[in-house]
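In what follows, every chain begins at residue 1, and chains take the letters A, B, ... in the order their sequences are listed.
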Protein chains: 2
Amino acid sequence: MTDRSGSGGHRPAARLSKGRPSESARPASGVDRVFHALGDPTRRAIVEKLSSEGPVSVSQLAAPLLITLAAVVQHLQVLEVSGLVRTEKVGRVRTCRMEPAGLMLIEQWVSERRSLWQRRFDRLGDLLAEEE
Amino acid sequence: MTDRSGSGGHRPAARLSKGRPSESARPASGVDRVFHALGDPTRRAIVEKLSSEGPVSVSQLAAPLLITLAAVVQHLQVLEVSGLVRTEKVGRVRTCRMEPAGLMLIEQWVSERRSLWQRRFDRLGDLLAEEE
DNA sequence: CTAATTGTCAAGCTAATACTTAAGTATTTT
DNA sequence: AAAATACTTAAGTATTAGCTTGACAATTAG
């Protein structure tokens with residue numbers, strides 16, 4: 001999985017229209033995809049199900065969610081592209097499983113936020129100590 | 001910050017319309033709000049900026065993002081409700097800062113996913129060992 | 001072989017959303 | 001006091017997206 005942390009490219013050049021801006025021309029990074037994927041409650045529920053109950057079929061995902069197969073397939077597509085889920089079709093059954101590695105980008109991003117913030121916090125502490 | 005992990009309540013009763021379902025009547029949990037907030041690249045960029053550069057004003061957030069103040073204010077609202085950001089107005093300037101505690105829900109969620117998955121993985125390992 | 005099951009794909013529908021503008025308020029500077 | 005600055009709020013706009021239906025294909029069961 002290509003690892004391009006950061007939120008680059010979300011701001012295109014000056015826009016000419018008043019409505020919602022269309023998606024950036026810049027390809028989405030790994031982090032973009034993962035956070036986008038988990039930004040939806042249904043998709044989070046899918047990942048949760050796969051982590052706790054293991055590999056299940058598309059139908060088995062759809063049932064408790066009370067949504068159509070087609071809706072599930074759409075979500076799975078997003079999850080697969082993000083690297084959080086892997087699916088495999090054997091016969092007419094597609095089995096879905098969670099990819100734990102997919103969570104690493106999130107952890108890294110959070111970790112980075114923390115350490116950058118901590119660094120600033122510490123610097124402030126030093127400044128205050130200096131003034132005494 | 002109320003801590004209600006999990007993705008409950010995203011699936012309402014049988015729907016009567018074909019369009020996108022409207023938001024669940026059930027109140028969004030902390031995790032819902034945090035993931036929803038970070039599901040947007042602009043909001044992630046805001047959090048990144050606050051973590052690395054420290055407290056900045058609304059204007060200072062808007063400038064590099066090349067979006068209007070009003071847009072930033074909308075994003076800040078989402079971020080504040082999620083607990084990731086805190087703002088404070090002194091005079092005419094509103095200063096925004098990152099709340100590191102807001103990241104904990106994410107870490108917990110990811111952590112849970114990992115351990116549940118790992119548990120299943122280990123169980124499978126035991127089964128296979130048993131068969132030999 | 002037919003019927004049932006599982007999934008796929010395309011198109012449509014409706015709600016959400018990320019931005020804008022415009023008008024206004026409050027504070028600070030000149 | 002007037003002008004400039006920083007923000008706020010409401011309403012509008014265009015795009016995205018999460019769901020559905022309908023038609024179809026492939027596999028399995030009877």
Side-chain angles (χ1 to χ4, degrees), chain A residues 7 9-25 28 32-33 35-46 55-63 65-82 87-96, chain B residues 7 9-25 28 32-33 35-46 55-63 65-82 87-96:
Chain A
S7 304
H10 58 93
R11 277 288 61 68
R15 73 189 77 264
L16 301 177
S17 110
K18 181 185 171 181
R20 177 178 177 162
S22 50
E23 303 253 310
S24 169
D32 288 337
R33 292 201 174 99
F35 272 114
H36 171 67
L38 295 179
D40 178 72
T42 302
R43 284 199 285 276
R44 263 201 319 286
I46 288 173
V56 296
S57 66
V58 175
S59 301
Q60 286 168 336
L61 282 175
L65 291 170
L66 304 182
I67 60 176
T68 61
L69 290 188
V72 173
V73 168
Q74 266 189 25
H75 284 306
L76 288 173
Q77 170 62 214
V78 175
L79 287 168
E80 265 195 289
V81 164
S82 76
T87 71
E88 179 185 26
K89 192 162 183 184
V90 177
R92 67 190 181 188
V93 178
R94 178 175 293 280
T95 301
C96 323
Chain B
S7 304
H10 59 89
R11 278 289 58 71
R15 75 190 76 265
L16 301 177
S17 111
K18 181 185 172 182
R20 175 176 180 165
S22 49
E23 304 252 312
S24 168
D32 289 335
R33 291 201 176 100
F35 272 114
H36 170 70
L38 295 178
D40 178 73
T42 302
R43 285 198 286 275
R44 262 199 323 281
I46 289 173
V56 295
S57 68
V58 175
S59 301
Q60 286 168 336
L61 282 175
L65 291 169
L66 303 181
I67 59 175
T68 61
L69 291 188
V72 173
V73 168
Q74 264 189 28
H75 285 307
L76 287 175
Q77 169 64 234
V78 175
L79 288 169
E80 266 195 288
V81 165
S82 76
T87 70
E88 179 185 26
K89 192 163 185 184
V90 177
R92 68 190 181 185
V93 179
R94 178 174 293 279
T95 301
C96 322

Between [X] ([atom1]) and [N] ([atom2]), how many Å, whole number?
X       : N      : atom1 : atom2 : answer
B:Gln77 : C:dC19 : CD    : P     : 15 Å
B:Gln60 : D:dA6  : CD    : C1'   : 11 Å
A:Asp40 : D:dT16 : CG    : P     : 17 Å
B:Arg33 : C:dT17 : CZ    : P     : 13 Å
A:Arg94 : C:dT5  : CZ    : C1'   : 16 Å
B:Leu76 : D:dC7  : CG    : P     : 10 Å
A:Leu61 : D:dC19 : CG    : P     : 13 Å
A:Ile67 : C:dT14 : CD1   : C1'   : 16 Å

Is [X] close enough to [N] that one of its side-chain N or O atoms is under 4.0 Å from OP1 or OP2 there?
X       : N      : result
A:Ser59 : C:dT5  : no
A:Ser17 : C:dC19 : no
A:Ser22 : D:dT15 : no
A:His36 : D:dA17 : yes
A:Thr68 : D:dC19 : no
A:His75 : D:dC19 : yes

Just jot down the side-chain contact (heavy atoms from CB on, under 4.5 Å) partners of A:Val73, sequence neighbours excluded, or say none.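 In terms of side-chain contact (heavy atoms from CB on, under 4.5 Å), with neighbours along the sequence ignored, A:Val73 is linked to A:Val58.
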
Can you name the residues that form a side-chain contact (heavy atoms from CB on, under 4.5 Å) with B:Gln77, not counting sequence neighbours? B:Val81

List the residues meeting side chain to side chain donor-acceptor pair (under 3.5 Å) with [X], not counting sequence neighbours, and say none if there are none.
X       : answer
B:Glu23 : none
B:Thr68 : none
A:Ser59 : none
A:His75 : A:Arg43

Once you round to the nearest 0.5 Å, how far does [atom1] of [X] lie from [atom2] of [Y]?
X       : Y       : atom1 : atom2 : value
A:Thr95 : A:Lys89 : OG1   : NZ    : 11.0 Å
B:Leu61 : B:Thr42 : CG    : OG1   : 11.5 Å
B:Leu38 : A:Leu38 : CG    : CG    : 10.5 Å

Detail all sub-3.5 Å separations between protein N/O atoms and N/O atoms belonging to nucleotides 10-12 of chain D.
| unit_1 | atom_1 | unit_2 | atom_2 | d |
| --- | --- | --- | --- | --- |
| D:dG12 | N2 | A:Lys18 | O | 3.3 |

State, to 0.1 Å, how close B:Ala28 and B:Arg33 come at their nearest heavy-atom pair, and which atoms those are.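 Of all heavy-atom pairs spanning B:Ala28 and B:Arg33, the closest is O-NH1, 3.4 Å.
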
For B:Leu79 and B:Thr87, run side-chain contact (heavy atoms from CB on, under 4.5 Å): C-alpha distance rounded to whole Å, both residues' side-chain angles, the deciding distance at 0.1 Å, then the answer. CA-CA 10 Å; B:Leu79 288 169; B:Thr87 70; over 6 Å; no

Which dot-bracket string fits DNA chain D when only Watson-Crick or G-U wobble pairs with both atom distances under 3.5 Å count, crossing pairs get [ ], and | stands for a partner on a different strand? ||||||||||||||||||||||||||||||

Just the table, please: protein N/O against nucleotides 25-27 of chain C N/O, every pair under 3.5 Å.
| unit_1 | atom_1 | unit_2 | atom_2 | d |
| --- | --- | --- | --- | --- |
| C:dT27 | O2 | B:Arg92 | NH1 | 3.3 |

Please step through side-chain contact (heavy atoms from CB on, under 4.5 Å) for the pair B:Asp40 and B:Val78, ending with a clear verdict. CA-CA 10 Å; B:Asp40 178 73; B:Val78 175; over 6 Å; no

